[in-house]
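By convention here, the first residue in the shown sequence is residue 1.
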Amino acid sequence: MKCPFCAYEESKVIDSRPTDEGERIRRRRECLQCARRFTTYEIIESLPIIVIKKDKTRQSFSREKLLNGMVRACEKRPVSLDTIERAIDDIEAEIQNTLDREVSSEKIGELVMDKLKAIDEVAYVRFASVYRQFRDINTFMDELNKLLHNQK
């Protein structure tokens, strides 16, 4: 870290502590040349995720859209908002860990369905019916039969 006083590039960390609920780390440093102290902040760099929609348009990933869709699927179900938030955290982490900066909306939909299947089967079917655009009762029944078959 370059000293703001003498521009020397070597310093030592004297003190570190988390700030902003652990989102940043505040570091007190001392320049190894001029011995003056200064403060730096370290944050996690988050690269934007671009979602490729079905019509091939691109837009920024929106946690709020994901939350709204999952809340709608879990409406009137015994699923806490905290459970939904944790599922979204998991989905977002999985997307970030792929190192791809672009992800298809289909991939996000599949991740959501996997989470909902484990959380609440009714919410899963609700989400799947909209996401997979069930055309008729037979497609809906096929999905229900798959769900029942996987329980055995």
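Residue E106 holds its CD atom at 6.0 Å from NZ of K54, rounded to the nearest 0.5 Å. Distance OG/S11 to CZ/R36: 14.0 Å, rounded to 0.5 Å. With values rounded to the nearest 0.5 angstrom, E42 atom CD is found 8.0 Å from M1 atom CE. The structure places NZ of K2 at 15.0 Å from OG1 of T40, a figure rounded to the nearest 0.5 Å. With rounding to the nearest 0.5 angstrom, the CD1 atom of I95 is 7.0 Å from the CG atom of L66. Annotation: the span from E110 atom CD to I91 atom CD1 amounts to 11.5 Å, rounded to 0.5 Å.
Residue L81 is grouped with residue V112 when hydrophobic side chains (ILVMFWY) are merged at heavy-atom distances under 4.5 angstrom, including chains of intermediate members. Grouping the Ile, Leu, Val, Met, Phe, Trp and Tyr side chains by contacts below 4.5 angstrom, directly or via other members, places I49 with L67. Linking ILVMFWY side-chain heavy atoms closer than 4.5 Å, directly or via other members, places I25 and F38 in two distinct hydrophobic clusters. Follow the hydrophobic side-chain contacts under 4.5 Å out from V71 and you reach V79 in the same cluster. Taking hydrophobic clusters as Ile, Leu, Val, Met, Phe, Trp and Tyr residues chained together by side-chain heavy-atom distances below 4.5 Å, V122 does not share a cluster with Y124.
Between the side chain of R37 and the main chain of I14, no donor-acceptor pair closer than 3.5 Å is present.
In plain terms, the two heavy atoms of C34 and F5 that are nearest each other are SG-CB, 4.4 Å. Nearest heavy-atom pair, S105 versus K53, reported as atom, atom and distance to 0.1 Å: OG-CA, 3.8 Å. Taking each heavy atom of F127 and G109 in turn, the nearest pair found is CE2-O, 3.9 Å.
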- [ ] Start with the C-alpha gap between R63 and D89, add the side-chain angles, then the distance that decides, and say whether side-chain contact (heavy atoms from CB on, under 4.5 Å) holds.
- [x] CA-CA 9 Å; R63 183 182 173 90; D89 289 342; 2.7 Å; yes

Open item on the list: With side-chain contact (heavy atoms from CB on, under 4.5 Å) as the criterion, how do L116 and C74 come out once you've worked through the C-alpha distance, each side chain's angles and the decisive distance to 0.1 Å?
Closed with: CA-CA 9 Å; L116 285 175; C74 294; 3.8 Å; yes

TODO: Assess whether side-chain contact (heavy atoms from CB on, under 4.5 Å) is satisfied between K12 and L32, documenting all intermediate values.
DONE: CA-CA 7 Å; K12 67 179 178 181; L32 295 178; 4.1 Å; yes

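Remark: of the listed residues R28, R29, R27, R28 is the sole one forming a side-chain hydrogen bond (donor to acceptor under 3.5 Å, both in side chains) with T39.
Salt-bridge formation is detected for the pair R86/D82: a Lys NZ or Arg NE/NH1/NH2 atom is positioned less than 4.0 Å from an Asp or Glu carboxylate oxygen. Ion pairing between a basic and an acidic side chain is recognised when a charged N comes within 4.0 Å of a carboxylate O; E121 and R77 show no such pairing.
Inter-residue side-chain proximity for Q96 and R101 is flagged as met; some heavy-atom pair is nearer than 4.5 Å.
Applying the 6.0 Å contact sphere to CZ of R72 captures no more than 12 heavy atoms from other residues, nucleotides or ligands.
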